[in-house]
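Take a look at the structure below.
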Number of protein chains: 2
Amino acid sequence: MWIVTTEEKIIKAAEEVFIEHGYDGARMQEIADRAEINKAMLHYYFRSKEMLFEKIFEEKVKVVFPTISEQMKSYEGFTDKVCFFIEQYYDILIKYPFMPFFIISTINRKDDKHFIKKLPFGFMKEIFFESFFSDLQSGKIREVNPFQFAVSVMGMSIFPFLSRPAMKELIGINDEQFQLLMQQRIDELKNYVKLILTPTNHA
Amino acid sequence: MWIVTTEEKIIKAAEEVFIEHGYDGARMQEIADRAEINKAMLHYYFRSKEMLFEKIFEEKVKVVFPTISEQMKSYEGFTDKVCFFIEQYYDILIKYPFMPFFIISTINRKDDKHFIKKLPFGFMKEIFFESFFSDLQSGKIREVNPFQFAVSVMGMSIFPFLSRPAMKELIGINDEQFQLLMQQRIDELKNYVKLILTPTNHA
DNA sequence: GTCTATAAGGCGATAGAC
DNA sequence: GTCTATCGCCTTATAGAC
């Protein structure tokens with residue numbers, strides 16, 4: 001609890017710096033300064049900048065793509081599953097608003113495609129599509145393109161966190177107000193999902 | 001037509017390199033190589049890396065936020081305006097799929113907030129909100145939060161281009177197939193917009 | 001494990017000849 | 001306008017004392 005190892009201090013500092021500046025913009029000196037150690041220690045614990053980054057990325061990905069999938073199983077209908085996903089996802093996003101940009105900027109790096117493969121998207125195919133086609137067949141939901149729909153839900157959810165600096169600047173709000181706006185957004189998005197998925201009544 | 005000035009060659013090369021690697025990742029040497037000139041020329045035409053980037057950013061922003069706003073005025077209802085916006089926007093996005101990440105990564109840069117102010121969002125307040133409240137009052141559209149709705153439309157539109165590398169890797173498609181997928185996405189998004197905005201019939 | 005000092009190379013930028 | 005050569009700094013990484 002009250003003992004903090006050097007390795008923990010490094011990881012905490014590295015998280016901050018990599019997330020703020022991205023891989024290329026991050027400086028080992030700044031990480032060392034924030035961890036209140038010297039540069040040589042960084043290389044003692046994690047051989048290189050690349051390896052330190054890898055460690056942080058894996059650690060953070062585990063946070064953003066957590067065991068939501070397991071919990072999703074307990075919800076019956078597809079619509080409820082998606083709404084629950086949004087709720088849970090926003091809990092994480094509001095807690096770690098910098099995460100989306102960190103991940104997006106990493107997977108868009110020219111050379112390293114191997115980061116992409118670390119994204120755990122297995123639960124999509126298992127739960128998402130299975131549940132979708134089940135509810136579609138029984139007429140509980142409208143016939144939309146499941147892939148495009150999934151990308152849309154992700155986009156609606158994540159985008160405000162990617163454009164956060166612009167939103168803050170353009171409408172003139174601070175971090176606290178942004179957080180409130182995102183809190184309110186949950187119900188709005190769930191409403192959109194229901195409006196899209198609920199079949200039109202032909203009675 | 002067939003004469004290409006050195007300045008034009010530099011701009012073309014700089015576009016590519018800045019878009020691929022971002023500001024921090026971009027190297028003046030690589031820009032020089034692609035332009036088939038030497039490094040010194042870059043500084044002769046554009047004093048510094050920062051000023052060259054500024055030039056590219058302004059140029060590119062003019063492409064992505066074009067005179068759509070003017071054309072939007074000709075569409076009567078709010079729903080039609082939004083659908084038209086998606087259509088026009090996707091024309092540009094499909095043509096320049098790297099642009100969203102370029103802009104997002106620029107506005108997320110720690111220090112320089114001044115880039116954000118160059119984003120032309122004036123048309124939003126003028127046309128978007130005015131048309132929204134007009135249609136809302138006459139009962140033509142459902143009562144949603146206009147700001148959250150706008151962010152959602154932007155998110156649904158832009159997100160696939162930000163997660164393009166992941167999408168290509170995870171579902172195993174090439175550039176051509178991605179382009180087709182985005183072409184199909186236009187109608188899907190327009191459908192979502194209509195489903196969200198069309199009021200429920202209480203007859 | 002932790003430090004200081006320094007290596008080794010890459011970077012943006014400039015000087016100066018042509 | 002265009003080139004070669006080089007400066008001066010910054011960055012990652014290591015050597016070696018404690």
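Each chain gets a letter, A, B and so on, in the order its sequence line appears, and its residues count up from 1. Here the structure is a predicted model, which means the values were calculated and not measured.
- A:Tyr96 meets the ring-ring contact (aromatic ring centres under 6.0 Å, His included) test with no other residue; sequence neighbours excluded.
- Considering only residues two or more places apart in sequence or on other chains, B:Phe132 meets the ring-ring contact (aromatic ring centres under 6.0 Å, His included) condition with B:Phe78.
- Applying the salt bridge (Lys or Arg N to Asp or Glu O under 4.0 Å) test to pairs two or more places apart or on separate chains, those with a residue in residues 151-179 of chain A are A:Arg164-A:Asp175, A:Lys168-A:Asp175, A:Glu169-B:Lys117.
- Residues that satisfy the side chain to side chain contact (heavy atoms under 4.5 Å, CB included) test with A:Leu180, not counting sequence neighbours, are A:Gln184.
- Distance, A:Met41 CE to C:dT4 P: 11 Å, rounded to whole Å.
- Using a 4.0 Å cutoff on non-hydrogen atoms, the parts of residues 26-35 of chain A near DNA chain D are A:Ala26, A:Arg27, A:Met28, ordered by number.
- Applying a 4.0 Å cut-off to non-hydrogen atoms, the residues of residues 42-50 of chain B that approach DNA chain C are B:His43, B:Ser48, B:Lys49, listed by residue number.
- Under the rule for a salt bridge (Lys or Arg N to Asp or Glu O under 4.0 Å), A:Lys39 has no partner lying at least two apart in sequence or in another chain.
- Scored by the salt bridge (Lys or Arg N to Asp or Glu O under 4.0 Å) test, B:Glu54 finds B:Lys118 as partners (sequence neighbours excluded).
- Not counting sequence neighbours, B:Arg142 has no partner by the salt bridge (Lys or Arg N to Asp or Glu O under 4.0 Å) test.
- Sorted by first and then second residue, the pairs that involve residues 41-51 of chain B and meet salt bridge (Lys or Arg N to Asp or Glu O under 4.0 Å), not counting sequence neighbours, are B:Glu50-B:Arg109.
- For A:Glu130, the salt bridge (Lys or Arg N to Asp or Glu O under 4.0 Å) test picks out no residue, with sequence neighbours left out.
- Taking a heavy-atom distance under 4.0 Å as the criterion, the stretch of DNA chain D touched by chain B extends 5' to 3' from D:dG1 to D:dT4.
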